[in-house]
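Okay, structure first, notes after.
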Amino acid sequence: MMEAVTHTWDLSEALGRPLELDPELAGFALAIAHRVLPEGEREDDTELPFGSVVPTPEGADTYGQLAAYLGRRPLS
């Protein structure tokens, strides 16, 4: 579930954010991420599709917070 929600953000970001995404889903996925993934640096040899935590952009919505926690950076 967390991965599917995150990849939805990935696709929306890659397409220039044409989709209105459900903040409740992002909040649920973010709560899961905080429970199952370590904060900060994540080892490079991990098989997870998530990088280390990056700074959350100022004013980020829940999807932006999720993306940052999972190592993604907005394209814009």
Side-chain angles (χ1 to χ4, degrees):
M1 161 46 179
M2 177 181 63
E3 191 170 344
V5 172
T6 304
H7 289 312
T8 300
W9 179 88
D10 291 337
L11 290 170
S12 181
E13 184 70 18
L15 295 172
R17 299 182 182 202
L19 304 174
E20 185 173 329
L21 303 174
D22 184 343
E24 190 173 333
L25 280 176
F28 183 72
L30 182 59
I32 292 170
H34 280 283
R35 293 178 95 181
V36 300
L37 295 171
E39 290 197 32
E41 294 293 318
R42 298 190 182 116
E43 295 182 27
D44 291 335
D45 63 347
T46 183
E47 293 184 21
L48 294 172
F50 310 116
S52 296
V53 177
V54 298
T56 303
E58 188 174 325
D61 62 7
T62 309
Y63 268 92
Q65 294 170 35
L66 174 64
Y69 192 77
L70 299 178
R72 269 102 165 133
R73 296 179 189 274
L75 296 174
S76 53

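Reckoned from all heavy atoms, side chains included, excluding hydrogens, waters and symmetry mates.
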- Can you name the nearest heavy-atom pair linking Asp22 to Tyr63, along with the distance? O-CE1, 3.1 Å
- Note on the structure: Scanning both residues in full, the closest heavy-atom pair of Leu66 with Ala33 reads CD1-CB, 4.4 Å
- Nearest heavy-atom neighbours spanning Ala68 and Pro55: CB-O, 4.0 Å
- Cluster link Leu21 to Met1, ILVMFWY, side chain under 4.5 Å: yes
- Query: When hydrophobic residues are tied together by side-chain contacts of less than 4.5 Å, even through go-betweens, does Leu70 share a cluster with Val36?
  - Reply: yes
Name each donor-acceptor pair under 3.5 Å that joins a side chain in residues 4-11 to protein atoms two or more places apart or in another chain, with its distance.
from, atom 1, to, atom 2, distance (Å)
Thr6, OG1, Met2, O, 2.8
His7, ND1, Asp10, OD2, 2.9
His7, NE2, Glu3, OE2, 3.3
Thr8, OG1, Ala4, O, 2.9
Asp10, OD1, Arg72, NE, 2.9
Asp10, OD2, Arg72, NE, 3.4
Asp10, OD2, Arg72, NH2, 2.9

